[in-house]
Amino acid sequence: MTTTQFQSAITVTGLRKSFADHVVLDGLDLDVPRGTVFSLLGANGAGKTTTVKILSTLISADAGAARVAGHDLTAEADAVRAAIGVTGQFSAVDNLLTGEENLLLMADLHHLSHREGRRRAARLLDQFDLVEAGRKPASTYSGGMRRRLDLAMTLVGSPQVIFLDEPTTGLDPRSRRGMWRIVRDLVADGVTIFLTTQYLEEADELADRIAVLDHGRLVAEGTADELKRRIPGGHIRLRFADPRGLDAALPLLGQVFRDNDALTLRVPSDGGVRSLKTLLDRLDHRGIEVAELSVHTPDLDDVFLALTGNPDDQKVTIR
């Protein structure tokens, strides 16, 4: 096994999947480092859920290769299943059972001893703030409680890799942020999270790296900040104390947008440290003081729309 494979929780090469004549995945390549959150973004039908189903051994790919938790997806499917957990878009909680009984059922499915199953269930109820609700039927739980219980059930088997397929769909903002805290705690303990979501704020908050799917193809990958900097529209806003400073700076900065009333100049920029330093050095060299500076970059909404717009829209190609 290579060093890269050892460091990667998931590696995917040339993954393809079609349903009849409809191509869902068209040569997907991914590399997910261990102990990180990797987020897969895309519009409905882009191939996110199909990717999760393939990597969790629920369906097979038509072509390509993948390793999950160090195991070959095809040749070592049982080992992959033993190393992963899956929390889908819809809760797998049994409404007729209590929270504790749902966890004990999962412990039985993982062939844990009676004592170990009860110990693990108690620890997870405490970890997910469900101790008081643990003896109540799951049918009485709120949406946020059900999602926490669902994720707790996934953790009974102590997975190395967890696939979270749109885990906060339908949750209120408070419950969603509670799930984010849980995800961060899991990653701090060394678990790898493969997250699909349509909430761009969620990917921005959680993901170490983000990949964007469009019609089954990977169209961009990087950190949230890297993706934002590559989309047009970023700029540095400079505000000056008086018109003289603004007039002195104007010839040094090339093509800018000037607002005389606000005493500001808007300078196109990718928001990177190097471009910011270059601009400030240029002003400092001429002794021009800036009263206020702010950096504005496109958000993930801008990235998503630029990369996955309608077929008739003009898209941005990121290389």
Side-chain angles (χ1 to χ4, degrees), residues 9-10 32-38 52 55-57 68-71 78-172 174-195 197 202 205-208:
I10 301 170
V32 180
R34 293 176 183 267
T36 64
V37 178
F38 186 94
V52 170
L55 295 179
S56 57
T57 76
V68 179
H71 304 290
D78 287 342
V80 170
R81 295 185 192 107
I84 67 172
V86 182
T87 298
Q89 297 179 33
F90 305 102
S91 173
V93 172
D94 189 324
N95 285 327
L96 299 178
L97 301 179
T98 66
E100 182 181 38
E101 288 169 344
N102 271 283
L103 292 171
L104 292 175
L105 175 61
M106 292 302 297
D108 288 341
L109 293 175
H110 283 284
H111 306 293
L112 301 181
S113 68
H114 179 76
R115 180 178 180 181
E116 175 60 19
R118 288 198 167 278
R119 187 192 70 80
R120 197 164 298 184
R123 177 175 60 81
L124 288 168
L125 288 172
D126 180 62
Q127 180 181 348
F128 285 81
D129 195 23
L130 292 170
V131 173
E132 291 186 9
R135 296 189 180 278
K136 297 177 182 178
S139 59
T140 66
Y141 287 15
S142 67
M145 292 168 65
R146 289 173 63 83
R147 296 307 282 168
R148 296 204 307 272
L149 177 59
D150 198 22
L151 183 51
M153 291 166 63
T154 299
L155 293 177
V156 169
S158 300
Q160 301 173 43
V161 178
I162 298 177
F163 293 95
L164 297 183
D165 190 14
E166 302 191 19
T168 62
T169 297
L171 295 188
D172 61 78
R174 185 184 299 275
S175 298
R176 185 173 298 128
R177 290 184 180 276
M179 286 293 291
W180 294 354
R181 175 184 55 78
I182 290 170
V183 168
R184 292 189 185 100
D185 290 344
L186 290 172
V187 173
D189 289 337
V191 177
T192 302
I193 303 291
F194 189 100
L195 171 71
T197 181
E202 187 161 87
E205 284 282 337
L206 294 176
D208 297 289

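All figures in this text were calculated on a predicted structure; none of them were measured in a lab.
Between Leu124 and Ala152, the shortest heavy-atom distance links the atoms CD1-O, 3.4 Å. Residues Ile84 and Ser56 come closest through the heavy atom pair CD1-CA, 3.6 Å. Looking at every heavy atom in both residues, Met145 comes nearest to Ala133 through CE-CB, 3.4 Å. Heavy atoms only, all atoms of each residue included: Ala69 and Gln160 are closest at CB-OE1, 3.8 Å. Closest approach of Val161 and Ala9 over heavy atoms only: CG2-CB, 4.0 Å. Taking all atoms of both residues into account, the shortest heavy-atom contact from Pro159 to Gly85 is CB-N, 3.5 Å.
Looking only at side-chain heavy atoms (C-beta outward), Val68 and Thr57 stay at 4.5 Å or farther from each other. Side-chain contact between Phe38 and Ile10 is absent, with no heavy atoms from C-beta onward closer than 4.5 Å.
For Arg176, the salt bridge (Lys or Arg N to Asp or Glu O under 4.0 Å) test picks out no residue, with sequence neighbours left out. In this structure Arg120 satisfies the salt bridge (Lys or Arg N to Asp or Glu O under 4.0 Å) test together with Glu116, sequence neighbours excluded. Annotation: side chain to side chain donor-acceptor pair (under 3.5 Å) contacts of Arg146 (sequence neighbours excluded): Asn95.
Judged as a ring-ring contact (aromatic ring centres under 6.0 Å, His included), not a single pair has a partner in residues 118-146 (not counting sequence neighbours).
Distance CE/Met179 to OG1/Thr168: 7.0 Å, rounded to 0.5 Å. Between atom CZ of residue Phe163 and atom OG1 of residue Thr87 there is a gap of 11.5 Å, rounded to the nearest 0.5 Å. Once rounded to the nearest 0.5 Å, the distance linking OG of Ser142 with CZ of Arg148 reads 6.5 Å. Taking CD1 from Ile162 and CG from Leu151, the interatomic distance works out to 5.5 Å, rounded to the nearest 0.5 Å.
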Listing, residues 97-107 side-chain donor-acceptor contacts under 3.5 Å, not counting sequence neighbours, or none:
residue, atom, partner, partner atom, Å
Thr98, OG1, Glu101, N, 3.0
Thr98, OG1, Glu101, OE1, 3.4
Thr98, OG1, Gly134, O, 3.4
Glu100, OE1, Arg135, NH1, 3.3
Glu101, OE1, Thr98, N, 2.9
Asn102, OD1, Asp94, N, 2.9
Asn102, ND2, Asp94, O, 3.1
Asn102, ND2, Thr98, O, 3.0

Donor-acceptor pairs under 3.5 angstrom involving side-chain atoms of residues 183-193: please list them, not counting sequence neighbours.
residue, atom, partner, partner atom, Å
Arg184, NH2, Glu205, OE1, 2.9
Thr192, OG1, Gly35, N, 2.8

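The residues Arg147 and Asp150 are annotated as salt-bridged, a charged nitrogen and a carboxylate oxygen being separated by less than 4.0 angstrom.
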